[in-house]
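Notes to accompany the following structure.
Side chains are part of it too, since the values below use all heavy atoms of this structure and drop only hydrogens, waters and symmetry mates. We name chains A, B, ... by the order of the sequence lines, and we start the count at 1 in each one.
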Amino acid sequence: MTTYNPKEIESKWQSFWRKEKTFSVKEDPNKKKYYVLDMFPYPSGEGLHVGHPLGYIASDIFARFKKHQGYNVLHPMGYDSFGLPAEQYAIQTGQHPALTTEKNINRYRQQLDRLGFAFDWDREIRTSDPSYYKWTQWIFLQLFDSWYDVAEKKAKPISKLVSHFENHGTQNLLASCTKELVFSPKKWNAYSTENKEKVLMNYRLAYLSMSQVNWCPELGTVLANDEVKDGVSERGGYPVEQKEMMQWSLRISSYAQRLLDGLDQVDFTPSLKEQQRNWIGRSEGLLIDFEIEAQPQIIKVFTTRPDTIYGVSFMTLAPEHHLVQQITTDEYKTDVLSYLDVVSKKNERERQSNVGNPTGVFTGAYALNPINNEKIPIWISEYVLYGYGTGAVMAVPAGDQRDYDFAKEFNIEIKNIFKGVSLASNAYVEKDVEYINSPAIEGLNYEDATDVIMTTLIQKKKATKKVNFRLRDAIFSRQRYWGEPFPIFYKNSTPYPIKDTQVLLPKVDKYLPTKDGRPPLGRAGREDWNVFLGDQMELNTMPGWAGSSWYFLRYMDPKNENELASAEKLTYWNQVDLYVGGAEHAVGHLLYSRFWTKFLYDLNIISFEEPFKKLLNQGMIGGAIESLCLKKEKKDGKPVFICSSQIDNNQFVKIPCHIDFVSDYGTKNSYLTPNQIAEFTHWRPEFKDALFEINNELYSVSELAKDTSQKLYTLTEHGKMSKRYFNTIDPEKICDTYGADTLRCYEMFLGPIEEHKPWNVNGISGVFGFLKKTWALFQQAKQEEQTKEELKTLHKTIKKVTEDIENHSFNTVISTFMIAVNEWNKLPQISLKTMETFTVLLSPFAPHISEEIWKKLGYESTVSKAPWPLFDESFFEESSYEYPISFNGKMRYKLALPLSLTKDEVEIEVLKNEKTKKHLADKEIKRVIVVPGKIVNIVV
RNA sequence: GCCCGGGUGGUGGAAUUGGUAGACACGCAAGACUUAAAAUCUUGUGACCAUUUGGUCGUGCGGGUUCAAGUCCCGCCCCGGGUACCA
């Protein structure tokens, strides 16, 4: 009898699969398709750790499962290979990012291959490959060449806009734009070419504009809103400032409503949908015009609470508001200017950290309340955001806490408009109250009051209904080297597209961005570009999310040189049926790719509006961080380490320790043996003279070597898995000891796929043991008739495994396998036929061992081609019966009872439960129904 | 503050969605095989009492609905994630 030898089996099958191209797929109109996609990785220098493959294993299981079910499954893999880390490495070492990227990709591939994934590597893509980014650039050009028709809710070619301008000017035009423009066809036709370009830029979906951007001096680049968290860069955590710069942006805001509506058609987790909804931030309200006393201008204000308009006691403008200078009276000019100066020196973070301490200044001007012509003082305050709504608010201290705080701070009147509400310490933000001091709406509820005010103001032509979105346009330029170059050149400072030749990323001698924002591509000379037109080429590159916003389409036809992908293949593979990846991309990648998909849909390139039908978010696998505790006080000039159990507050420093030296890693009782302490001091030579305090005794390394029973306990914390903490675990290491199949099953067994969990190796022996038992079971299986007993177990397993895979409950599948094997092990004999079916069930999880068994069973075809077994209920029929007493159909009770009961025992069991018995005492039991499973229905 | 998740043995986690709570696994304990170890196998393992037969308590806390609640309702506490001067 041979023992289970994963190493031998796995290398054998992996090379077989590679040689036979087992997992390569072709479009086949006769077969139903299924598209399983992983978020492709960025090939970092760290390589994969055990956390990375979690999602890939899950998707691989699902893809293999679907293949067994007869689907034509597309399950590709590639690399998101443009990006910051490769560039940073290039800056440090001078090596071209393409080289390091290539090296990292090879390492990734080697690691991925060992896990036995069923990827179709013929379809591999890399976003940094010119044959790929050619199409990223192409999509950019389509965006550049498009505008958004608000009336038809659709992107259209810019040529249509031009002809509209030629014939009608801006008359009857409903288009997304940066600024509302009004001109006649005559005026348009008289514009110079450059002027026309400027006007069109106002409408293009990819447009160049001077805008407030998040500038990160440390990274030397601008960042999109979703790349900034808490006022610092998401990558690296460097401070971010607001800066006016000429930048490319994508008009994603045009798609806000469709991005919101589309969420109803996709299967994402509620929390992820909620994140996207919040990010899009739709709010319905009223755009109200406030006249300014004795001045011609009006101030537009957006509000969601028109019902509180009688409570307006002042108005606040953002410091950047365009009317600030004009309306400020001479008397207050100095105050206002000095306030503007103070605010302009603050960065975004400082302005935001000021919550609760309102600052502001009076302009001397007054606005008129459109409902009753009351005079309202106009203030300026930094709490009003220029970028949201109109950059001006009608302040209602009674109904808004910020307005309330502001009014308190500057002694502005707080008008009470709510009946029976005290405004002594807080604003009243609920909507469940009657109004007072509000002539037109007293006695009305919130809905009716809102309605009355809206109708009144709209009739007076003082307001319009307005839907506001929080979603900003996405800045699309980066002042970096390692990204897609724009297919754009400049002539007389006007940008023009380059359509005929692909612009390739030129070579430069240094990759370092400059502090003043001039991109590294500025170092490329005219001769370094493969195309050079006009006065200058665009020197910015595209952001990291450009290539990842459409990669799922390229997998369908990765080598097509004439199109992004052929229409036929786009139609066949269609939407991604299952997309597996982390939830951290909720408002970045997942929103941008939805946006690009909708845009390509408008262009009739694809026939679907949502890229991902279903999204499965895998949790992160964290790592335990093990540290030795170093006392702050030295002893005779030597550092002293102490057990984690002996530490007192802050009298120690944590020295992270490589987990290779730690026993019982990741547990509360993790420790170092004297041998491991020696290894540690060898690894960190600066501690070679250190002393170790164990049980109040001090030992040197050499003294400890004599007493190997000593333990130095380490401090265990849970955190990320990273080289920084010396706690990364290479999946290949696990493969060396247990094999890839064990690793695959174990990662699934660890817990629900969506959950975040720390890596530990505590239970891996159980999973390994299961595979060994399965192997042994196969060895002793005989070619005999299948018994009812083994078939019962088999079909129970088929049912549960099929259901659980469909629900992505992979951890319980492994348990089900274990139960089956244990049950069969208790039988004196099991047939090869049963083993054969079980092998198919097992193969998505442990493909190598399954393939080996399958082969030994005498099948030529691979496991992936075997049909998925179907559940046969007939093996359970005998335990399913009705026990009719009589029936009046009045009430039904369910009671859990053992399945094995005979008819007579059922009634006894029912009456065993005291409370139920009491309850049923005065009732006549009409019928008892025992169903397969365990439920008993009692009808009384 | 607001919006989502979640709280079950020593541990990771099951529980047919209202029906025997703790499947499966780890760990631990005892035993078998072995000169020994490893490996493997068997048995036990929520707590407390009775130690045989049982009994009582038990899913963060407090109430409620129900013959029956981890699951539903009301009120708290704690943990994780997201997000915020968004008018």
Select from Met394(A) and Leu272(A) the residue whose nearest nucleotide in RNA chain B is closer to the 5' end of that strand. Leu272(A)
With sequence neighbours excluded, what pairs up with Val393(A) under the side-chain contact (heavy atoms from CB on, under 4.5 Å) test? Thr316(A), Tyr383(A), Val384(A)
Listing for RNA chain B: consecutive Watson-Crick or G-U pair runs of at least 3, distance cutoff 3.5 Å, ranges ordered by first number, gives B:1-7 with B:77-83, B:10-12 with B:24-26, B:27-32 with B:40-45, B:46-49 with B:54-57, B:60-64 with B:72-76
At 4.0 Å (heavy atoms only), tell me whether Ser271(A) reaches a base, stays on the sugar-phosphate, or touches nothing. sugar-phosphate
For Tyr435(A), give me all partners under side-chain hydrogen bond (donor to acceptor under 3.5 Å, both in side chains), at least two apart in sequence or on another chain. Asp307(A)
All heavy atoms of Pro397(A) vs all of Ala427(A), minimum pair found to be O-CB, 3.3 Å
Please measure how far the P atom in G81(B) lies from the corresponding atom in C48(B), and state the result in whole Å. 35 Å
Can you tell me, in whole Å, how much space there is between the P of U8(B) and that of G62(B)? 16 Å
Please classify the nucleic acid contact of Asp403(A) as base, sugar-phosphate, or nothing, using heavy-atom distances under 4.0 Å. nothing
Euclidean distance, Lys466(A) NZ relative to Ile288(A) CD1, rounded to 0.5 Å: 13.5 Å
Lys792(A) with Glu823(A): basic N within carboxylate O range, under 4.0 Å: no
Between P on G82(B) and CZ on Arg470(A), what's the gap in Å once rounded to a whole number? 15 Å
Under 3.5 Å, which protein N or O atoms sit close to an N or O of nucleotides 13-15 of chain B? Give each pair with its distance.
| residue | atom | partner | partner atom | Å |
| --- | --- | --- | --- | --- |
| G13(B) | O3' | Asn811(A) | ND2 | 3.3 |
| A14(B) | OP1 | Asn811(A) | ND2 | 3.1 |

Whole-Å distance between U40(B) P and Asn822(A) CG? 13 Å
Checking C41(B), C3(B), A87(B) against the side chain of Val393(A) (C-beta onward), the nearest is A87(B)
Please report, rounded to the nearest Å, how far the C1' atom of C86(B) is from the CG atom of Asn278(A). 11 Å
Between U34(B) and G44(B), how far apart are the two P atoms, rounded to whole Å? 24 Å
What's the closest nucleotide to the side chain of Met818(A) if the choices are G82(B), A25(B), C86(B)? A25(B)
When you check the glycosidic angle of G9(B), does it come out syn, meaning within 90° of 0, or anti? syn
Would you please name every residue forming a side-chain contact (heavy atoms from CB on, under 4.5 Å) with Asn426(A), sequence neighbours left out? Gln401(A)
Expressed as a whole number of angstroms, how long is the span from His321(A):NE2 to C86(B):P? 18 Å
Taking salt bridge (charged side-chain N to carboxylate O under 4.0 Å, His left out) as the definition, give me every residue that meets it alongside Lys772(A), ordered by chain and number, with sequence neighbours left out. none
By side-chain hydrogen bond (donor to acceptor under 3.5 Å, both in side chains), which residues pair with Asn617(A), not counting sequence neighbours? none
Send over the distance from Lys826(A) NZ to C41(B) P, rounded to a whole Å. 12 Å
Residues which pass salt bridge (charged side-chain N to carboxylate O under 4.0 Å, His left out) with Glu803(A), listed by chain and number, not counting sequence neighbours: Lys799(A)
All side-chain hydrogen bond (donor to acceptor under 3.5 Å, both in side chains) counterparts of Tyr4(A), not counting sequence neighbours: none
All side-chain contact (heavy atoms from CB on, under 4.5 Å) counterparts of Glu413(A), not counting sequence neighbours: Lys415(A)
Per-nucleotide protein contact string for nucleotides 26-31 of chain B, where B marks a base within reach and S marks sugar-phosphate only (heavy atoms under 4.0 Å, - for neither): S-----
Leu616(A) CG to G5(B) P, in whole Å, measures 17 Å
State which of A39(B), A23(B), A87(B) makes the closest approach to the side chain of Lys772(A). A39(B)
Sugar-phosphate only, base, or nothing, as touched by Lys796(A) at under 4.0 Å among non-hydrogen atoms: nothing
Give me the distance, rounded to whole Å, that separates C79(B) from G31(B) when you measure between the C1' atoms they each carry. 42 Å
If we take the C1' atom in both U45(B) and G63(B), what is their distance in whole Å? 35 Å
Using atom C1' in both nucleotides, what's the gap between C2(B) and G13(B) to the nearest angstrom? 32 Å
Side-chain N or O of Tyr383(A) less than 4.0 angstrom from OP1 or OP2 on A87(B)? no
Rounding to an integer number of angstrom, what distance separates U51(B) and U40(B) when you compare their P atoms? 39 Å
Candidate pair Phe845(A) and Ile814(A), rule side-chain contact (heavy atoms from CB on, under 4.5 Å), full reasoning: CA-CA 8 Å; Phe845(A) 292 81; Ile814(A) 309 281; 3.7 Å; yes
Please state how far atom CG in Asn807(A) lies from atom C1' in U17(B), giving the value in whole angstrom units. 12 Å
Classified by glycosidic angle (syn within 90° of 0, else anti), U34(B) comes out anti
For Glu284(A), all residues meeting salt bridge (charged side-chain N to carboxylate O under 4.0 Å, His left out), sequence neighbours excluded: Arg282(A)
Is it the case that the side chains of Asn468(A) and Ser283(A) hold a donor-acceptor pair, with the cut-off being a distance below 3.5 Å and no angle test? no
Can you tell me, in whole Å, how much space there is between the P of G54(B) and that of U17(B)? 31 Å
Whole angstrom is fine here: how far is it from CG in Asn5(A) over to C1' in A39(B)? 15 Å
Of the nucleotides A23(B), C86(B), C4(B), which has the atom closest to the Arg402(A) side chain? C86(B)
